[in-house]
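Just so you know, ligand 1 is whichever comes first in the structure, and atom 1 is the first atom listed for that ligand.
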Amino acid sequence: MLHTFTTQKWNEHFPDSTQEQAINNLEDGQILYFPQLTFSLSPEEQFFLSPDYADPHAKNISYNIKDHKLWGVQHLSDSQHNQLKAMLDRYSRYAHGLIQNLLPRYAQQMMIGRTSFRPVQISNRKTSYRKDDKRLHVDAFPSAPNQGKRILRVFCNINPNGEDRVWRVGEPFEKVANHFLHQIGKPFPCSAALLRMLRITKSYRTLYDHYMLQMHNRMKADEHYQKNCAQQELRLPPGSTWIVQTDHVSHAAMSGQHLLEQTFYLPVKAMKDETKSPLRVLEKILRQKLA
Ligand code: SIN
Ligand code: FE
């Protein structure tokens with residue numbers, strides 16, 4: 001499940017054979033794991049390692065490197081706001097550099113998404129079941145359809161107190177899909193156009209997005225499945241980094257505090273083997289085009 005690297009620098013260069021192996025492992029649904037790749041904070045930045053600056057109404061603190069906007073924060077002075085932005089900007093650039101060096105084939109075509117900072121302890125967080133990431137799920141977003149693109153995420157545990165990020169990882173995507181897909185009906189006619197018109201979705205919710213979102217919701221709602229499906233616990237210690245395609249790998253975050261995460265979106269045509277993408281797997285099972 002984990003493919004481990006000894007990398008200690010964010011701008012390390014990787015030989016062709018390592019790049020090849022990494023892309024194969026990632027597309028097979030493995031997690032690329034860097035136990036010694038640490039993101040260091042300055043003494044001033046350590047100040048942000050507190051839930052006090054996270055807006056309780058937002059799921060995470062988010063940053064957009066394209067327009068340098070930061071949101072989901074509270075109680076920060078202007079200069080602290082800028083300092084936190086600079087920290088997330090640096091993480092975003094480091095994560096981007098890592099992907100460019102390790103997965104150059106992806107780097108050419110991928111789009112950069114949000115950077116997030118998660119300073120709130122997850123084990124005692126109360127939310128609705130759909131938002132509860134302590135339940136196994138594949139990532140799919142209700143308001144931001146990705147229309148078949150892959151979701152690639154770079155996570156880094158920056159907990160200062162030695163606390164692991166504890167995940168559960170579930171069964172392979174094809175199994176998840178075969179388990180849940182037959183329970184899911186087609187969307188109501190015109191619902192995608194309506195959702196778009198009402199600005200509930202930021203772009204058109206394709207059939208792919210419909211099935212992925214329904215799978216996400218049904219996995220989370222199914223208590224029996226959550227307890228009994230094949231799964232494994234993963235403990236990701238502070239000072240470690242990991243890369244996962246979270247639309248493909250069934251995952252749940254059980255406990256931990258202080259995580260950085262950078263999202264990238266990747267067109268399936270950038271993959272080495274696009275038949276392994278959730279889009280193509282679902283299309284094969286349902287025997288129709290979905291995006
Ligand atoms: C998730 O992507 O479901 C949560 C990951 C985390 O916060 O550790
Ligand atoms: Fe997730």
Requested in this report: Please examine the side chains of Gln232 and Arg168, heavy atoms only from C-beta on, and report whether any two atoms are closer than 4.5 Å.
Outcome: no
Query raised in the report: Would a 4.5 Å heavy-atom cut-off, applied to side chains only, mark Gln121 and Asn124 as touching?
Result: yes
Query raised in the report: Any luck finding a side-chain donor-acceptor pair between Asp209 and Thr206 under 3.5 Å?
Result: yes
Query raised in the report: So, His210 side chain and Arg205 main chain: donor-acceptor pair closer than 3.5 Å or not?
Result: no
Requested in this report: Output yes when the distance from some N or O of ligand 1 to some N or O of Thr246 is under 3.5 Å, and no in every other case.
Outcome: no
Query - Any donor-acceptor N or O pair under 3.5 Å, side chains Tyr63, Gln262 - result: no
Query raised in the report: In the protein, which heavy atom is nearest to atom 2 (O) of ligand 1, and how far is it?
Result: His251 NE2, 3.3 Å
Query - NZ/NE/NH1/NH2 to OD/OE distance under 4.0 Å, Arg153 and Glu261 - result: yes
Query raised in the report: Under 2.8 Å from the Fe ion (ligand 2), how many protein N/O/S atoms can be counted?
Result: 3
Report task. Check ligand 1 against Ala253 and write out every atom of the ligand that is under 4.0 Å from a heavy-atom position of the residue. Result -> 4 (C), 5 (C), 6 (C), 8 (O)
Query raised in the report: Do Leu181 and Gln214 touch side chain to side chain, with heavy atoms closer than 4.5 Å?
Result: no
**Report entry** Leu259 heavy atom under 4.0 Å from ligand 1
**Finding:** yes
Query raised in the report: Taking the non-hydrogen atoms of Glu261, is any one of them nearer than 4.0 angstrom to ligand 1?
Result: no
Requested in this report: Please write down residue, atom name and distance for the protein heavy atom closest to atom 4 (C) of ligand 1.
Outcome: Arg118 NH1, 3.4 Å
Hey, can you pull the donor-acceptor pairs under 3.5 Å for the side chains in residues 183-200, sequence neighbours left out?
unit_1: Ser191; atom_1: OG; unit_2: Phe188; atom_2: O; d: 2.8
unit_1: Arg196; atom_1: NH1; unit_2: Thr201; atom_2: O; d: 2.9
unit_1: Arg196; atom_1: NH1; unit_2: Lys202; atom_2: O; d: 3.4
unit_1: Arg196; atom_1: NH2; unit_2: Lys202; atom_2: O; d: 3.4

Query raised in the report: Around Asp78, counting heavy atoms of other residues, nucleotides and ligands shown, do more than 12 lie under 6.0 Å from its CG?
Result: no
